[in-house]
Amino acid sequence: LSNFIEIPALSPAFDAEWAENGYLDDTIDLFLGWLNTLPMKGMSCNVHRLAGRTPVLTITIEGTGKGEVLFYSHLDKQPPFTGWSDGKGPWKPVREDPWLYGRGSVDDGYGGYLSVLSILALQQHGIAHPKATFLIETCEESGSFDLPAYLDELSDILGTPDLVVVMGYGLLFPKSILQIPLHGCINIHISLLPRWRGAAPIEHAILNGDEKTGVSIFLIEEKLDAGPIIATQEIYIKKNINKKDLTSELNTLGTALLIN
């Protein structure tokens, strides 16, 4: 991730010369190099480039158990902006345990790395896992306008997953995506829906003095955070807690709720 932070791979909406600059390709090359260091069994990788569109990486790991799972992530970044603390910057990785600062370390750049390692962990513990396919794009921060073309082009590779799990995706999924998995798409949202739909639910809960918050898992529909709720888990908000600590608590809570 430190090497990833150093690549100024702006999403195409913020870099009109993204193709000439080659930074999006650099992030994919870095990812592929990292994959080659892993003792993963049954893994294959392909880079896809449609004319005039940002590149996409697909990874397939053959299953040792039943089912199909589709993982999604992205490698493009938001603009650097301003307001970085002294000694920190968007393309400068700085480690202050347990945090790694820099553009891409926590705003989704870790997603593909983390997801691949989850399958490797299952293999190393001798636990059967479904077939896992990874779709990693480089246009998400621009609204994923290249993604639909790749979904059509790569339909045979993506297959028919049993379920798609989404968290923190900033757009509404079209019906064409919602209909891909057999059992639909579910979303993990860090609020007690219907309270604080949409962006920044943690900030809203703290700033409005909410006594409690939590995690909601629901079936995604074509409206914002409005599908049928499958499960919820609540916690009380500690006095004077900050966003970072509350986020950590809710992430742990959401993982456990999803598994259960």
Side-chain angles (χ1 to χ4, degrees), residues 1 69-74 77-78 81 83-85 88 94-115 117-118 121-122 140-141 143-144 161-175 177-178 181 183-260:
L1 285 179
V69 176
L70 175 63
F71 291 86
Y72 164 87
S73 190
H74 68 94
K77 303 180 183 183
Q78 297 179 16
F81 298 117
W84 292 86
S85 302
K88 298 183 178 69
V94 176
R95 183 67 181 262
E96 293 180 0
D97 287 334
W99 305 105
L100 175 63
Y101 293 90
R103 177 66 76 221
S105 61
V106 294
D107 47 353
D108 303 336
Y110 64 90
Y113 293 91
L114 177 64
S115 299
L117 287 177
S118 69
L122 293 175
E140 191 272 346
E141 299 291 1
S144 296
D162 299 312
L163 186 69
V164 172
V165 180
V166 181
M167 183 175 182
Y169 188 69
L171 300 169
L172 294 177
F173 277 179
K175 184 178 292 186
I177 293 179
L178 296 178
H183 301 296
C185 302
I186 63 173
N187 187 79
I188 309 170
H189 186 76
I190 40 183
S191 80
L192 295 174
L193 291 172
R195 187 165 178 81
W196 305 132
R197 288 189 174 104
I202 295 177
E203 292 90 330
H204 285 309
I206 294 174
L207 291 174
N208 285 273
D210 289 1
E211 180 179 336
K212 58 186 178 181
T213 185
V215 176
S216 302
I217 297 178
F218 64 95
L219 190 66
I220 299 177
E221 295 183 345
E222 291 184 274
K223 295 181 180 179
L224 181 63
D225 299 336
I229 295 175
I230 300 170
T232 61
Q233 183 72 49
E234 66 180 42
I235 59 172
Y236 284 94
I237 300 177
K238 299 174 184 175
K239 186 177 181 180
N240 298 324
I241 195 169
N242 58 34
K243 174 192 172 184
K244 179 178 71 175
D245 293 337
L246 184 54
T247 299
S248 179
E249 288 187 20
L250 291 171
N251 284 343
T252 302
L253 187 69
T255 300
L257 185 61
L258 178 63
I259 293 172
N260 290 336

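Of all non-hydrogen atoms in Ile241 and Ile206, the two that sit nearest each other are O-CD1, 4.2 Å. Of all heavy-atom pairs between Arg103 and Gln78, the closest is NE-O, 3.5 Å. Across every non-hydrogen atom of Thr213 and Ser191, the tightest pair is OG1-CA, 4.0 Å. Minimum heavy-atom separation, Trp196 to Pro201: O-CB, 3.7 Å.
Ion pairing between Lys77 and Glu141 fails under the 4.0 Å rule for side-chain N and carboxylate O.
Atoms CD and CG, on Glu221 and Asn187 in that order, are 12.0 Å from each other to the nearest 0.5 Å. Glu140 CD to Tyr72 OH: the interatomic distance, rounded to the nearest 0.5 Å, is 4.5 Å. In this structure, CD1 on Ile190 lies 3.5 Å from CD1 on Ile202, to the nearest 0.5 angstrom. If you take CD1 on Ile235 and NZ on Lys212, they are separated by 11.5 Å, rounding to the nearest 0.5 Å.
Looking at residues two or more places apart in sequence or on another chain, you find no side chain to side chain donor-acceptor pair (under 3.5 Å) involving Gln233.
Counting only distance, with no hydrogens or angles, the side chain of Ser105 and the backbone of Leu100 share a donor-acceptor pair below 3.5 Å. Of the possible donor and acceptor atoms, one in the side chain of Thr252 sits under 3.5 Å from a partner among the backbone N and O of Ser248.
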* side chain to side chain contact (heavy atoms under 4.5 Å, CB included) between Ser118 and Phe71: does it pass, once the steps are laid out? -> CA-CA 11 Å; Ser118 69; Phe71 291 86; 4.2 Å; yes
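Classification of the Phe218-His189 ring pair by plane angle, with boundaries at 30° and 60°, yields perpendicular.
With Leu250 as the fixed residue, the side-chain contact (heavy atoms from CB on, under 4.5 Å) test singles out one of Thr255, Val215, Asp245, Leu257: Val215.
Looking only at side-chain heavy atoms (C-beta outward), Asp210 and Arg195 come within less than 4.5 Å of each other. Residues Ile186 and Leu258 are in side-chain contact: their nearest non-hydrogen atoms beyond the backbone lie under 4.5 Å apart. Contact of the Ser216 side chain with the Thr232 side chain is registered, since non-hydrogen atoms from C-beta on lie closer than 4.5 Å.
More than 12 heavy atoms of other residues, nucleotides or ligands shown are found within 6.0 angstrom of NZ on Lys88.
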